[in-house]
There are 2 protein chains.
Amino acid sequence: MGSPEYIKIVEAIKGRITSEEIKPGDAIQSENLLCEEFNVSRMTVRKGLAVLVNEGYIYSIPGKGNYVCEPNLDSYTLHFDEMMATDKKGEEIRLIEVNVVKPSYEVGFNLEIPENKHVIVVKRVFLSDGHVKAFDVKYIPYYRGIPIVEKEIRYATFPEMVAKKNSIFAMTKKLKIKAIAAKDEVSQILDVMEGDAILVVEQKLLDEKDHPIGWGSMYFAGDDSGLEAIASFD
Amino acid sequence: MGSPEYIKIVEAIKGRITSEEIKPGDAIQSENLLCEEFNVSRMTVRKGLAVLVNEGYIYSIPGKGNYVCEPNLDSYTLHFDEMMATDKKGEEIRLIEVNVVKPSYEVGFNLEIPENKHVIVVKRVFLSDGHVKAFDVKYIPYYRGIPIVEKEIRYATFPEMVAKKNSIFAMTKKLKIKAIAAKDEVSQILDVMEGDAILVVEQKLLDEKDHPIGWGSMYFAGDDSGLEAIASFD
DNA sequence: GAGTGGTCTAGACCACGAA
DNA sequence: TCGTGGTCTAGACCACTCT
């Protein structure tokens with residue numbers, strides 16, 4: 001095998017873990033012993049162990065040793081992005097409202113702003129072959145001088161909408177996923193019966209000080225729309 | 001500051017990225033220049049860069065340089081686990097069925113097994129102060145000799161149920177999240193009206209060869225139940 | 001050929017845990 | 001006190017890219 005030494009070490013130890021030769025909570029050999037076993041320097045052993053730490057297989061306690069992790073049974077990676085709803089052909093986004101308004105109680109609460117501070121509201125619908133698939137509503141605190149370029153907003157993801165004011169790198173994002181019964185504006189715009197099951201993805205963006213800089217929801221109609229997530233370590 | 005040199009390097013470069021001094025796609029100084037700038041050896045610089053690679057800030061191209069990543073706008077970490085539904089007091093899990101049955105078409109399709117091969121079905125309800133909050137149904141291919149210990153199964157997460165046969169470390173897990181209208185068994189067991197909105201988390205477990213080793217769904221009643229996810233890099 | 005990142009070595013010193 | 005992991009150095013050689 002032409003793979004680097006540290007990769008061989010990673011694979012050897014992974015094998016011992018997945019084959020349950022060593023179990024969660026067990027210590028693995030000390031780094032010096034691994035040096036002897038694989039005939040490499042300590043830095044090479046440590047590089048291999050670093051990979052295993054990153055991938056969630058082991059953790060280390062200074063002064064004691066390296067230990068096999070309890071597997072994370074509950075961690076998943078979810079990809080969500082407003083533009084996911086427009087992958088295929090025959091799909092279209094319509095901007096149905098861009099406005100500066102006073103916040104409702106709910107919006108003010110979630111953006112942590114007083115009632116008299118205005119917010120930008122952006123409402124969009126996502127169509128597939130003429131049928132409404134999703135309805136998206138987003139609120140952003142309004143600052144004087146923000147340019148609202150409709151063309152840019154139409155195809156923007158939520159983080160991109162607020163990126164003018166805040167670096168995308170310094171932003172925290174949170175999702176809440178719920179099922180609700182359609183009513184009022186949501187049922188009208190999605191063109192479904194009141195009471196129909198709707199998947200809601202509520203999104204909140206926070207700046208580096210954990211202050212909200214955006215809040216809103218996307219509503220999906222129909223049993224066929226859904227989200228997918230894949231297990232991940234760490 | 002008493003922090004290690006490589007952490008100082010990490011923070012310095014992170015600062016240049018979040019302040020947009022260097023932008024996605026830009027190259028950062030070569031490792032040798034960073035050695036001079038921070039007065040450290042190349043291994044120390046590389047250790048810092050490795051951290052930035054792991055955290056999704058930069059990537060490197062051998063023979064060329066290190067570059068700032070386009071930020072991942074759509075990646076979230078979701079924590080899901082059947083036992084999440086039982087955090088608080090006054091909550092209870094009831095095992096309502098454990099059986100060996102022939103698979104329905106849907107179950108056989110998802111587990112990729114023939115009709116004549118049996119499956120174990122596990123049905124549980126999650127109660128909060130006497131009210132049904134969630135209904136969980138899981139299917140596992142049946143192999144002769146599998147012991148079914150009701151006490152263990154009652155409080156087990158799905159990966160734990162199949163862990164007897166397959167190492168938890170060698171398992172892939174996938175989720176699909178949907179909203180459906182309650183009907184039949186789901187509406188009866190959750191004690192809601194037919195047509196009420198239900199959040200469904202469908203789970204599939206795969207072995208190292210991508211063969212299904214478990215499939216099932218958990219149904220959540222009520223607008224208040226939902227899932228949360230937090231943005232993550234990588 | 002000069003510069004880049006990727007791998008690796010053989011040492012060193014430190015803070016920490018256990019006996 | 002001894003072994004452990006955490007940090008760091010000053011070299012080295014390689015494969016690669018660019019000019």
Side-chain angles (χ1 to χ4, degrees), chain A residues 1-17 21-71 233-234, chain B residues 1-17 21-71 233-234:
Chain A
M1 291 209 298
S3 56
E5 294 302 319
Y6 77 92
I7 295 290
K8 292 180 193 168
I9 297 172
V10 168
E11 286 171 355
I13 298 177
K14 266 192 196 175
R16 290 172 198 174
I17 294 173
E21 184 185 325
I22 43 179
K23 293 189 176 58
D26 289 356
I28 57 185
Q29 300 107 298
S30 76
E31 296 178 356
N32 286 319
L33 287 178
L34 289 168
C35 292
E36 290 175 26
E37 182 184 343
F38 292 95
N39 273 303
V40 294
S41 75
R42 189 164 157 239
M43 285 303 273
T44 303
V45 165
R46 284 182 60 72
K47 183 152 187 178
L49 295 179
V51 171
L52 291 166
V53 168
N54 282 323
E55 296 187 359
Y57 284 90
I58 66 171
Y59 61 96
S60 54
I61 302 179
K64 293 192 71 180
N66 291 285
Y67 297 85
V68 179
C69 288
E70 298 292 333
F233 289 89
D234 72 67
Chain B
M1 291 209 297
S3 56
E5 294 303 319
Y6 76 93
I7 295 291
K8 292 179 194 166
I9 298 172
V10 169
E11 286 170 354
I13 297 178
K14 265 191 197 176
R16 290 172 198 174
I17 294 174
E21 184 184 323
I22 43 178
K23 294 190 176 55
D26 289 357
I28 57 186
Q29 300 108 297
S30 75
E31 296 177 357
N32 285 319
L33 288 177
L34 289 168
C35 293
E36 291 174 26
E37 181 183 342
F38 292 96
N39 273 302
V40 293
S41 76
R42 185 160 162 242
M43 286 303 273
T44 303
V45 165
R46 283 182 60 73
K47 182 154 186 176
L49 296 179
V51 172
L52 292 166
V53 168
N54 281 322
E55 296 186 359
Y57 284 90
I58 64 171
Y59 61 95
S60 54
I61 302 179
K64 293 192 71 178
N66 290 285
Y67 297 84
V68 179
C69 289
E70 298 292 333
F233 290 89
D234 76 67

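Model, not experiment: these values are computed from the prediction. By convention in this document, chain letters (A, B, ...) are assigned in the order of the sequence lines, proteins followed by strands, and residues within each chain are numbered from 1.
Distance, A/I9 CD1 to C/dC8 P: 8 Å, rounded to whole Å. Rounding to whole angstrom units, CD of residue A/E5 and P of D/dC13 are separated by 18 Å. One interatomic measurement links the two molecules: CG of A/N32 to C1' of C/dA10, which rounds to 13 Å at whole-angstrom precision. Atom CZ in B/R46 sits about 14 Å away from atom C1' in D/dA12, given to the nearest Å. Atom pair B/L49:CG and C/dG5:P shows a separation of 8 Å (rounding to whole Å applied). A/E36 has its CD atom 15 Å from the C1' atom of C/dA10, to the nearest Å. Computed from coordinates, the B/L52 CG to C/dG5 C1' distance equals 15 Å when rounded to whole Å. Spacing between atom OH of B/Y6 and atom P of C/dC14 amounts to 18 Å, rounded to whole angstrom units.
Using a 4.5 Å heavy-atom cutoff, the side chains of B/K8 and B/F38 are not in contact. Contact annotation: the side chain of B/V10 never approaches that of B/K47 to less than 4.5 Å [non-hydrogen atoms, C-beta and beyond]. Counting heavy atoms from C-beta on, the side chains of B/E36 and B/Q29 never come closer than 4.5 Å. Counting only heavy atoms from C-beta outward, the side chains of B/I7 and B/V51 never approach each other to under 4.5 Å. Side-chain atoms of A/C35 and A/S41, non-hydrogen and from C-beta on, never get closer than 4.5 Å to each other.
Distance from the side chain of A/K64 is smallest to C/dA18 among C/dA18, C/dT4, C/dC8. The nucleotide whose nearest atom lies closest to any side-chain atom of B/T44 is, among C/dG6, D/dT9, C/dT7, D/dT9. Checked against C/dG5, D/dG5, D/dC8, the side chain of A/N66 finds its nearest nucleotide in D/dG5. Among the nucleotides D/dT9, C/dG6, C/dT7, the one closest to any side-chain atom of B/V40 is D/dT9. Listed candidates were D/dT9, D/dG5, C/dG5. Nearest to the side chain of A/R42 is D/dG5.
Nucleic acid contact for B/I61: sugar-phosphate only, since backbone atoms but no base atoms lie under 4.0 Å from a heavy atom of the residue.
Taking the nucleotide of DNA chain C with the nearest heavy atom to each of A/S41 and B/G65, the more 5' of the two is matched to B/G65. Both A/G63 and A/M43 sit near DNA chain C, but only A/M43 has its closest nucleotide nearer the 5' end.
Neither OP1 nor OP2 of C/dC8 sits under 4.0 Å from any side-chain N or O of A/K47. A close approach under 4.0 Å does occur between a side-chain nitrogen or oxygen of A/S60 and OP1 or OP2 of D/dG6. Note on B/S30: a side-chain N or O is less than 4.0 Å away from OP1 or OP2 of C/dT4.
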